[in-house]
Amino acid sequence: EDVFGEVKIQCTGNCIDVGTYVASYIFNENIIATVSFTITPRTIIITDIEGLERVYDGTTKVDLSTATKVVYTNGIDGKPLEFDLSKAIATADNTNVGAGILVTLDGNITVKGDEKNNYQCVVLDDNRITVNITPATLTITPDAKTSEQYYKLPGLTYKVTGLIGTDTLTKAPALTT
């Protein structure tokens, strides 16, 4: 005969999500102890956001929707997470064309899905998130000119489209007939 019996633990609620719960220790159908406990969100550390690309637009704004992958640590093995980057603001260190330009993140990165409240995301201050900024398209279109036979050729002119903000050409194109 089992003299000691069996101790059961009964929890109110699902006891696996973030929240405060009460658990009762039950021995021989009697509650012998009750304890309250809190489950806090697991901290996910964002170490990189890969695939950030944009075309030069004269600003430091980086669109996080181009990201191909969020790299993180402190997840649960075998449980991949997806992230919502829509509320985060990304700013490049400068506006110039180049590869590997450092990005600063402000705002809120969250986990997507039913378990989003079970996680909080943190981006480390020493992160190395970068963006590649590619050149904008600049188009030089010659103006249509006509000339009659034996007359002096008119001066050649052009229009430039695609310059951003206060950007200007530093060297005029060579125009020849």
Side-chain angles (χ1 to χ4, degrees), residues 17-19 39-148 151-177:
D17 289 330
V18 169
I39 299 175
T40 58
R42 184 180 189 94
T43 299
I44 300 298
I45 301 166
I46 308 293
T47 58
D48 196 3
I49 299 176
E50 296 178 353
L52 295 178
E53 304 274 340
R54 74 173 185 87
V55 175
Y56 171 78
D57 66 0
T59 71
T60 57
K61 184 179 182 217
V62 177
D63 180 2
L64 293 174
S65 69
T66 65
T68 56
K69 180 179 181 183
V70 175
V71 181
Y72 61 94
T73 63
N74 203 34
I76 298 173
D77 289 341
K79 191 171 198 171
L81 298 173
E82 290 186 36
F83 296 89
D84 179 1
L85 305 175
S86 66
K87 293 182 180 107
I89 299 168
T91 307
D93 279 358
N94 67 69
T95 64
N96 299 322
V97 170
I101 297 169
L102 287 177
V103 172
T104 302
L105 288 177
D106 291 319
N108 195 14
I109 296 175
T110 57
V111 171
K112 287 183 181 179
D114 294 339
E115 296 184 7
K116 66 183 176 187
N117 294 329
N118 292 334
Y119 299 95
Q120 65 179 358
C121 298
V122 174
V123 179
L124 296 180
D125 289 339
D126 62 350
N127 70 64
R128 292 291 165 223
I129 298 170
T130 62
V131 64
N132 296 325
I133 301 175
T134 57
T137 301
L138 186 64
T139 305
I140 299 174
T141 307
D143 294 326
K145 300 287 181 170
T146 60
S147 177
E148 294 184 28
Y151 283 89
K152 181 179 176 183
L153 293 175
L156 300 177
T157 57
Y158 58 90
K159 288 186 179 76
V160 178
T161 56
L163 288 171
I164 307 293
T166 59
D167 291 351
T168 59
L169 288 179
T170 56
K171 183 178 178 184
L175 304 173
T176 60
T177 57

Legend entry - Asn132 side-chain N/O to Arg54 backbone N/O, donor-acceptor pair under 3.5 Å: no

Inset, instruction - Can you see which heavy atom on Ile140 is nearest to which on Pro173, and at what distance? - result: CD1-CG, 4.0 Å

Legend entry - From Thr110 atom OG1 to Lys87 atom NZ, the distance as rounded to the nearest 0.5 Å: 5.5 Å

Legend entry - Side chain proximity check, Thr130 to Ile101, heavy atoms < 4.5 angstrom: no

Inset, instruction - Taking Thr91 for its side chain and Thr60 for its backbone only, find out whether a donor-acceptor pair lies under 3.5 Å. - result: no

Legend entry - Approximate separation, where rounding is to 0.5 Å, of Thr59 OG1 and Asn94 CG: 11.0 Å

Legend entry - Exercise: identify the closest heavy-atom pair between Thr66 and Asp63: OG1-O, 3.1 Å

Inset, instruction - Starting from the C-alpha separation in whole Å, work towards a yes-or-no answer on side-chain contact (heavy atoms from CB on, under 4.5 Å) for Leu64 and Leu105. - result: CA-CA 10 Å; Leu64 293 174; Leu105 288 177; 4.0 Å; yes

Inset, instruction - State whether the number of non-hydrogen atoms from other residues, nucleotides or ligands found under 6.0 Å of Lys145 atom NZ is greater than 12. - result: yes

Legend entry - CD1 on Ile39 to CZ on Arg42, rounded to 0.5 Å: 12.5 Å

Inset, instruction - Mind listing the closest non-hydrogen atom pair of Asp143 and Tyr158 along with its distance? - result: OD2-N, 3.4 Å

Legend entry - Heavy-atom closest contact (Lys112 atom, Asp84 atom, distance): CG-N, 3.8 Å

Inset, instruction - Kindly check if the number of other-residue, nucleotide or ligand heavy atoms within 6.0 Å of CG (Asp114) is above 12? - result: no

Would you be so kind as to tabulate the donor-acceptor pairs closer than 3.5 Å made by side chains of residues 70-78, with sequence neighbours excluded?
residue, atom, partner, partner atom, Å
Tyr72, OH, Leu81, N, 3.0
Asn74, ND2, Thr43, O, 2.5

Legend entry - Minimum-distance pair of heavy atoms, taken over all atoms of Leu138 and Thr161: CD1-O, 3.4 Å

Legend entry - Asn118 side chain to Val18 backbone, donor-acceptor under 3.5 Å: yes

Legend entry - Smallest separation among heavy atoms of Thr95 and Gly58, with atom names: CG2-O, 3.6 Å

Inset, instruction - Taking the side chain as every heavy atom from C-beta outward, state whether Ile109 and Ile49 have any pair of such atoms under 4.5 Å apart. - result: yes

Legend entry - Beyond-backbone contact of Ile129 with Leu52, side-chain heavy atoms, under 4.5 angstrom: yes

